[in-house]
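Please read the structure below before turning to the comments.
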Amino acid sequence: MRVPSILSALATLFLTIVPLINAAEPLSRGTPEAQGISSAAVRDYVEALDKIDTMHSFVVVRHGEVIAEGWWKPEAADKPHVLNSVSKSFNSTAVGLAITDRKLSLDDPVLKFFPDDAPSDPSANLKAMTVRDLLTMCGGHDSEPKQSTDGHPSVKQFLAASVVHQPGTHFLYNGMGSYTLSAIVTKVTGQTVGDYLKPRLFEPLGIENAEWPSSPEGYSLGAHGLYLRTEDIAKFGLLYLQKGKWKGQQLIPEKWVEQATAKQVPNDQESHSKIGADWREGYGFQFWRCQHNAFRGDGAGGQFVVVMPDQDMVVAMTAGSANMQAELDAIWDHLLPACRTEAIAADTTGQEKLKQSIGSLVVRAKQK
């Protein structure tokens, strides 16, 4: 009977040791040409970003190496940045890990986790709502449930909202649903999403000092609120590009990565589709599909982690209040067509010009 306890102790020891091995280890750096992209193309990308109001940072990773990075002064590499709704993709990852730990399943009804917060007479649609429906933004609401009167998210308020559509049939971008997913993770693990992810994701990736506020109910905000450095965002994207594997460890099951980043539901009729073409490509489990077989996490104001499997590339960007489609177009117009399968000839002159362009970046005021 002592075997399970010994195995449990070993598992705990493993989780304790692994972060020490990887703690704060930065991504490797290389030149654009060594990874098959010209410095001139990267410079064109940077200059296109610089024309967009209130850009803050970018990191480009190709074949696992950072080939370009920049911050618009006074932003800096060591300064955490609010991710807004990129937080949802981290929240989704926590759900996937909890499913892997057999704490819940995609088809569990949402009401199962909140017997004390449920309406006295829940509708059939509310009873039918599942974890999968929240992940795909198809909970069935006609408009996003409002927060409580004190301005904070509330599971009880979410469950009290009218569920007009049959769950799974109607896409509506819904931050309160993401918050409820965070609450579910806490219900089944006894930890906030931030705490649950710390040994399973943040520490193995070398992400230090992740900040994720909680609501008065004690749940990580889930839908937003996470603060990370730009390189941390890029690491997260690289983990998903590598199908959940990091330095030989399978941190996230490959099956979950495939499900979360695949087109689970169409979203071309939702109001977000008016932002631009990349908001009509479909939605996964708190990840957006993009043009060019890419996928992304994105957040209001211009926060992005864009993963491009066909090009083996990740682009992370942060901003103050940017034109989000313009940010993506800068990737499609300048980086995408420049990708080559093999290294290209070194270009020290082009690299120096790129360095100068990046060194001159300064946050520009939002144009009125």
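Computation of the quantities below employed the complete heavy-atom set of this structure, encompassing side-chain atoms and omitting hydrogens, waters and symmetry-equivalent molecules. Predicted model only: the values in this text are computed from it and were never measured.
Taking every heavy atom of both residues into account, Asp133 and Ala128 meet most closely at OD2-O, 3.8 Å. Looking at every heavy atom in both residues, Asp195 comes nearest to Pro199 through O-CD, 3.4 Å. Across all non-hydrogen atoms, the minimal contact from Leu181 to Asn91 is CB-ND2, 3.8 Å. Across all non-hydrogen atoms, the minimal contact from Gly177 to Leu134 is O-CD1, 3.8 Å. Heavy-atom minimum distance, Gly30 versus Glu65: CA-OE1, 3.3 Å. Contact detail for Gly139 and Pro167: the closest heavy-atom pair is O-CG, 3.6 Å.
Side chain to side chain, Glu33 and Ser39 meet the donor-acceptor criterion of an N or O pair below 3.5 Å. Side-chain atoms of Tyr179 and Gln157 include no donor-acceptor pair closer than 3.5 Å. A donor and an acceptor atom, one from each side chain of Ser85 and Tyr173, are located under 3.5 Å apart.
Under a hydrophobic-cluster definition in which Ile, Leu, Val, Met, Phe, Trp and Tyr are linked whenever side-chain heavy atoms come within less than 4.5 Å, directly or via other members, Ile207 and Val82 are assigned to different clusters. Under the 4.5 Å side-chain heavy-atom criterion for Ile, Leu, Val, Met, Phe, Trp and Tyr, Leu111 and Val95 are members of the same hydrophobic cluster. Neither Tyr227 nor Tyr196 shares a network with the other; the hydrophobic side chains, linked directly or stepwise wherever heavy atoms of I, L, V, M, F, W or Y lie under 4.5 Å apart, form separate groups for each. By the criterion of side-chain heavy atoms lying less than 4.5 angstrom apart, applied directly or through intervening Ile, Leu, Val, Met, Phe, Trp or Tyr residues, Ile52 is grouped together with Trp332 in one hydrophobic cluster. Cluster membership for Tyr240 and Leu251, using ILVMFWY side-chain heavy atoms within less than 4.5 angstrom, is shared.
Note on Glu231 versus Arg29: salt bridge recorded, some NZ/NE/NH1/NH2 to OD/OE distance being below 4.0 Å. Salt bridge Lys156/Glu217: absent, no basic N to carboxylate O contact under 4.0 Å. In summary, Lys51 and Glu47 do not engage in a salt bridge, as defined by a charged side-chain N under 4.0 Å from a carboxylate O.
Summarising the geometry, atom CG belonging to Leu106 is positioned 6.5 Å from atom CG belonging to Leu135; distances are rounded to the nearest 0.5 Å. Taken to the nearest 0.5 Å, the CZ atom of Phe304 stands 5.5 Å off from the CZ atom of Arg296. Note that the CG atom of Leu336 and the CD1 atom of Ile331 stand 9.5 Å from one another [nearest 0.5 Å]. Rounding to the nearest 0.5 angstrom, the gap separating the CG atom in Asp278 from the CD atom in Gln325 is 4.5 Å. We find the OG-CG distance between Ser87 and Leu228 to be 8.0 Å, quoted to the nearest 0.5 Å. The distance from the CG atom of Leu159 to the OG1 atom of Thr180 is 6.0 Å, given to the nearest 0.5 Å.
Side-chain N or O atoms of Arg280 include none that pairs as donor or acceptor with a backbone N or O of Asn267 at under 3.5 Å. Looking at Glu144, its side chain does come within 3.5 Å of a backbone N or O of Gly175 through a donor-acceptor pair. At distances below 3.5 Å, at least one donor-acceptor pair connects side-chain atoms of Gln303 with backbone N or O atoms of Ala319. A donor-acceptor pair under 3.5 Å links the side-chain atoms of Lys88 to the main chain of Ala223, judged by distance alone. A donor-acceptor pair under 3.5 Å is formed between the side chain of Ser89 and the backbone N or O of Gln286. Put simply, the side chain of Asp312 never gets that close to the backbone of Arg62: no donor and acceptor are under 3.5 Å apart. Looking only at distances, no side-chain donor or acceptor of Gln264 sits under 3.5 Å from a matching main-chain atom of Gly282. The backbone N or O of Val164 lies less than 3.5 Å from no partner atom in the side chain of Asp142, so there is not a single donor-acceptor pair. Judged by distance alone, with hydrogens and angles left aside, the side-chain atoms of Glu254 form no donor-acceptor pair with the main-chain N or O of Gly244 at under 3.5 Å. Distance alone, capped at 3.5 Å, places no donor-acceptor pair between the Gln291 side chain and the Asp329 backbone.
Contact annotation: the side chain of Arg43 approaches that of Ser357 to within less than 4.5 Å [non-hydrogen atoms, C-beta and beyond]. With contacts defined as side-chain heavy-atom distances shorter than 4.5 Å, the pair Lys187/Lys112 does not qualify. Side chains of Leu361 and Asp50 form a contact here, defined as non-hydrogen atoms less than 4.5 Å apart. Looking at Leu239 and Leu205, their side chains come closer than 4.5 Å, going by heavy atoms from C-beta outward. Contact of the Leu328 side chain with the Met324 side chain is not registered, since no non-hydrogen atoms from C-beta on lie closer than 4.5 Å. Here the side chains of Trp256 and Leu97 are not in contact, with every heavy-atom distance at 4.5 Å or above. Side-chain contact check for Tyr219 versus Val155: some heavy-atom pair is nearer than 4.5 Å.
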### Task
Show your reasoning for whether salt bridge (Lys or Arg N to Asp or Glu O under 4.0 Å) applies to Asp78 and Arg229.
CA-CA 6 Å; Asp78 60 353; Arg229 301 174 309 136; over 6 Å; no

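The aromatic rings of Phe236 and Phe90 lie parallel to each other, with less than 30° between the two planes, well short of the 60° mark.
Ring pair Trp288/Phe295: centre-to-centre distance not below 6.0 Å.
Both the sub-6.0 Å distance and the 45° axial angle are not jointly satisfied by Arg200 relative to the ring of Trp246.
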